[in-house]
Amino acid sequence: MSKVKAITTDAPTGGAVYGDFELPDPEHYSAKLKTIYNGICGTDRGMVAGALPFAYNPEGYKRLVLGHEALAQVVEIEKNEFGIRSGDYVVPIVRRPGKCVNCRIGRMDNCTDGDKHEAGITGMHGFMREYFYDTPENLVKVQDNSILDVAVLAEPLKNVEKAFEVFNKISERSIFLNDFGTYEDKKAVIIGTGSEAFLYSFFARDYGFDTILTNRHPIPDQKTVMVDKSGVEFYDYTKDMDKILEGGIDLLIDTSGHPGTIFQFIRKLNHNGITILFGTNGKAPATDVDGADIDYLIENNITLMGSVDGAREHYFKALEHLRNWRHNYGDIMKDLITKKIPPSDVEIFSNKPGDEIKTIIDWSKA
Ligand code: DN4
Ligand code: BGC
Ligand code: ZN
Ligand code: ZN
């Protein structure tokens with residue numbers, strides 16, 4: 001057994017503790033990795049708050065090492081077909097396969113029976129620890145070291161890559177484009193202003209959508225600057241709902257997990273509109289849905305799609321997007337990372353900074 005500095009929780013009850021955690025030494029390992037950064041996301045906070053009932057500790061453990069968003073450096077690695085060598089920087093994959101057909105083809109994101117595991121979430125220790133062991137097929141190499149400062153965003157972005165892939169398939173059922181075959185004048189509304197919401201907004205804007213971010217309160221100056229520089233708009237829906245709903249909505253993306261809010265917008269989707277449900281909040285209150293709402297969904301061919309996780313190919317696409325955005329938008333990419341903290345700062349899980357887009361744990365500060 002070895003003691004490793006780690007941030008742990010008791011899933012699904014919650015809490016977060018930083019300190020020495022005992023883990024068995026592997027008899028054999030193919031890669032040893034040093035953690036550089038971990039991202040903190042809504043899922044981590046939901047777990048620490050005890051609001052995600054699907055989270056659970058690894059078998060035989062009373063606690064779970066948190067962390068599914070990471071950038072790590074390879075300390076040692078055996079020869080492998082992925083061209084990963086010692087010294088390389090990698091992003092580890094969150095989901096690990098069960099035995100179902102989708103897991104067997106590397107699409108654990110579409111696991112058929114729920115028997116997969118997720119690092120730092122469901123039954124597998126995560127990456128919020130000073131070092132960890134893994135296998136090369138679960139590591140995605142960062143090919144361009146000029147994006148190392150933002151590469152930790154590849155994990156949250158891979159979810160967006162997958163969600164848009166599903167959107168592409170669904171939108172093919174009718175002509176979703178305008179008369180000129182583009183997305184211009186089509187409207188995408190994104191509920192929430194956290195890191196996933198910003199990544200969705202970059203994506204929707206790249207498609208050509210008129211892209212609006214919205215929340216139930218104003219956003220701090222730092223986020224306003226980000227919104228302005230990236231060519232999207234923000235409205236507080238408690239004050240400016242009319243502006244958001246003008247002309248209806250073609251693509252609605254929710255990152256809040258708040259049914260009462262989501263349904264206020266769903267009722268304004270245009271014909272053939274699509275909603276991507278992405279935010280999870282097991283503690284959000286119920287909302288009324290009546291027969292007229294169901295009629296509205298049916299008569300307008302509205303799709304409600306849930307989307308979770310992403311596959312290895314989406315990590316690659318995410319790293320490529322980060323590279324392109326860095327090229328196109330320069331430093332605003334870096335501004336998505338609003339704070340770097342030492343791993344001992346575990347209050348961050350329960351006290352989200354008001355101006356946070358993405359907070360990063362920096363292991364060099366341990
Ligand atoms: P986050 O930063 O907590 O984002 C949630 C956003 O929703 C925040 O900006 C909240 O605002 C906002 N929000 C909460 N309630 C409302 C409401 N009633 N109306 C409008 N906005 C509201 O988390 P994240 O960006 O890291 O992740 C977003 C969500 O996606 C989380 O629920 C994650 O669990 C989930 N997630 C799913 C997947 C997947 O399906 C992957 C990653 C994350 P405020 O906090 O500023 O007030 O694969
Ligand atoms: C992760 C996904 C994971 C999901 C579980 C997200 O934060 O990015 O990989 O499957 O949480 O809800
Ligand atoms: Zn996450
Ligand atoms: Zn499976």
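Order of appearance sets the numbers: ligands from 1, and atoms from 1 within every ligand.
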Legend entry - Salt bridge present between Asp293 and Arg267 (N-O < 4.0 angstrom): yes
Inset, instruction - Could you grab the distance from atom CD of Glu233 to atom NZ of Lys243, nearest 0.5 Å is fine? - result: 9.5 Å
Legend entry - Presence of salt bridge, Arg323 and Glu320, under 4.0 angstrom: yes
Inset, instruction - Would you mind listing which atoms of ligand 1 come within a distance below 4.0 Å of any non-hydrogen atom of Gly194? - result: 2 (O), 4 (O), 9 (O), 25 (O)
Inset, instruction - Say whether Gly42, considering both its backbone and side-chain N or O atoms, lies within less than 3.5 Å of an N or O atom on ligand 1. - result: yes
Inset, instruction - Check each atom of ligand 1 against the heavy atoms of Thr261 and keep those under 4.0 Å away; list them by number with element. - result: 17 (C), 18 (N), 19 (N)
Inset, instruction - Decide yes or no for His28 and Glu78: does some side-chain heavy atom of the first lie under 4.5 Å from some side-chain heavy atom of the second? - result: yes
Inset, instruction - Could you tell me whether Asp134 and Arg96 have a side-chain N and a carboxylate O separated by less than 4.0 Å? - result: yes
Legend entry - Glu356 and its salt bridge (charged side-chain N to carboxylate O under 4.0 Å, His left out) partner, picked from Arg45, Lys339, Lys340: Arg45
Inset, instruction - Compute the shortest N/O to N/O distance between Glu356 and ligand 1 and return yes if it is under 3.5 Å, no if not. - result: no
Inset, instruction - Give a yes-or-no answer on whether the side chains of Asn168 and Tyr207 include a donor-acceptor pair shorter than 3.5 Å. - result: yes
Inset, instruction - Please report the shortest heavy-atom distance between Val160 and Glu196, naming the atom on each side. - result: CG2-OE1, 3.6 Å
Legend entry - Validation row: Tyr29, Glu76 side chains within 4.5 angstrom (heavy atoms): yes
Legend entry - Close N or O approach (Arg216, ligand 1; < 3.5 Å): yes
Legend entry - 4.0 Å heavy-atom contact, Thr280 with ligand 1: yes
Legend entry - Side-chain heavy atoms of Tyr200 within contact of Ile276, under 4.5 Å: yes
Inset, instruction - Below 4.0 angstrom from a heavy atom of Cys41, which ligand 1 atoms are there? Numbered from 1 as shown, please. - result: 26 (O)
Legend entry - Over 12 non-hydrogen atoms of neighbours within 6.0 angstrom of CG in Asp288: no
Inset, instruction - Compare all side-chain heavy atoms of Ile341 with those of Ile40 and state whether any distance is below 4.5 angstrom. - result: yes
Inset, instruction - Look at atom CD of Glu22 and say whether more than 12 heavy atoms of other residues, nucleotides or ligands are closer to it than 6.0 Å. - result: yes
Legend entry - For Gly192, atoms of ligand 1 separated by under 4.0 Å from a heavy atom: 6 (C), 7 (O), 9 (O), 12 (C), 21 (N)
Inset, instruction - Identify, by name, the N, O or S atom of Glu69 lying closest to the Zn ion (ligand 3). - result: OE2
Inset, instruction - Return yes when at least one N/O/S atom of Asp44 is nearer than 2.8 Å to the Zn ion (ligand 3), and no when none is. - result: no
Table please: side-chain donor-acceptor pairs of residues 250-257 below 3.5 Å, with sequence neighbours left out.
| residue | atom | partner | partner atom | Å |
| --- | --- | --- | --- | --- |
| Asp250 | OD1 | Asn270 | ND2 | 3.1 |
| Asp250 | OD2 | Lys187 | N | 2.8 |
| Asp254 | OD1 | Ser256 | N | 3.1 |
| Asp254 | OD1 | Ser256 | OG | 2.7 |
| Asp254 | OD2 | Ser256 | N | 3.1 |
| Asp254 | OD2 | Gly257 | N | 2.7 |
| Thr255 | OG1 | Ile191 | O | 2.6 |
| Ser256 | OG | His258 | N | 3.0 |

Inset, instruction - Taking the side chain as every heavy atom from C-beta outward, state whether Asp309 and Lys158 have any atom pair closer than 4.5 Å. - result: yes
Legend entry - Per atom 5 (C) of ligand 1, closest listed option by heavy atom (Leu213, Thr255, Ile121): Thr255
Inset, instruction - Taking atom NE2 of His217 as the centre, report whether more than 12 heavy atoms of other residues, nucleotides or ligands fall under 6.0 Å from it. - result: yes
Legend entry - Numbering as shown, the atoms of ligand 1 that approach Ser307 to under 4.0 Å (heavy-atom distance): 39 (C), 40 (O)
Legend entry - At the Zn ion (ligand 3): angle between His68 atom NE2 and Cys41 atom SG, to 10 degrees: 100°
Inset, instruction - Could you see which bit of Val308 sits under 4.0 Å from ligand 1, with heavy atoms only: side chain, backbone, both or neither? - result: both
Inset, instruction - Looking only at protein heavy atoms, identify the closest one to atom 39 (C) of ligand 1 and say how far it is in Å. - result: Phe278 CE1, 3.3 Å
Inset, instruction - Report yes or no: does Pro156 have a heavy atom closer than 4.0 Å to ligand 1? - result: no
Inset, instruction - Ignoring angles and geometry beyond distance, decide whether Asp309 reaches within less than 3.5 Å of ligand 1 through its nitrogen or oxygen atoms. - result: yes
Inset, instruction - If the plane angle is over 60° it's perpendicular, under 30° parallel, otherwise tilted; pick one for Phe127 and Phe132. - result: tilted
Inset, instruction - Using a strict 4.0 Å cut-off to heavy atoms of His258, name the atoms of ligand 1 that fall inside it. - result: 18 (N)
Inset, instruction - Please examine the side chains of Met226 and Leu336, heavy atoms only from C-beta on, and report whether any two atoms are closer than 4.5 Å. - result: yes
Inset, instruction - May I ask you to identify the nearest protein heavy atom to atom 27 (O) of ligand 1, giving residue, atom name and distance to one decimal place in Å? - result: Glu196 CG, 3.5 Å
Inset, instruction - Tell me which protein heavy atom sits closest to atom 10 (C) of ligand 1, plus the residue, atom name and distance to 0.1 Å. - result: Asn215 ND2, 3.9 Å
Legend entry - ligand 1 contacted by Gly46 (non-hydrogen, < 4.0 Å): no
Inset, instruction - Take the angle between the ring planes of Tyr183 and Phe176 and call it parallel below 30°, perpendicular above 60°, tilted in between. - result: tilted
Inset, instruction - Taking only heavy atoms of Ile191 into account, list the atoms of ligand 1 that are under 4.0 Å away from them. - result: 20 (C), 21 (N)
Inset, instruction - Report yes or no: does Tyr237 have a heavy atom closer than 4.0 Å to ligand 1? - result: yes
Inset, instruction - Have a look around the Zn ion (ligand 4) and list protein N/O/S atoms under 2.8 Å, or say none. - result: Cys100 SG, Cys103 SG, Cys111 SG
Legend entry - Best match, Arg95, Lys162, Met47, His217: closest heavy atom to atom 47 (O) of ligand 1: His217
Inset, instruction - May I ask you to identify, for Thr193, whether its side chain, its backbone, both or neither come under 4.0 Å of ligand 1 on a heavy-atom basis? - result: both
Inset, instruction - May I ask you to identify, for Lys352, whether its side chain, its backbone, both or neither come under 4.0 Å of ligand 1 on a heavy-atom basis? - result: side chain
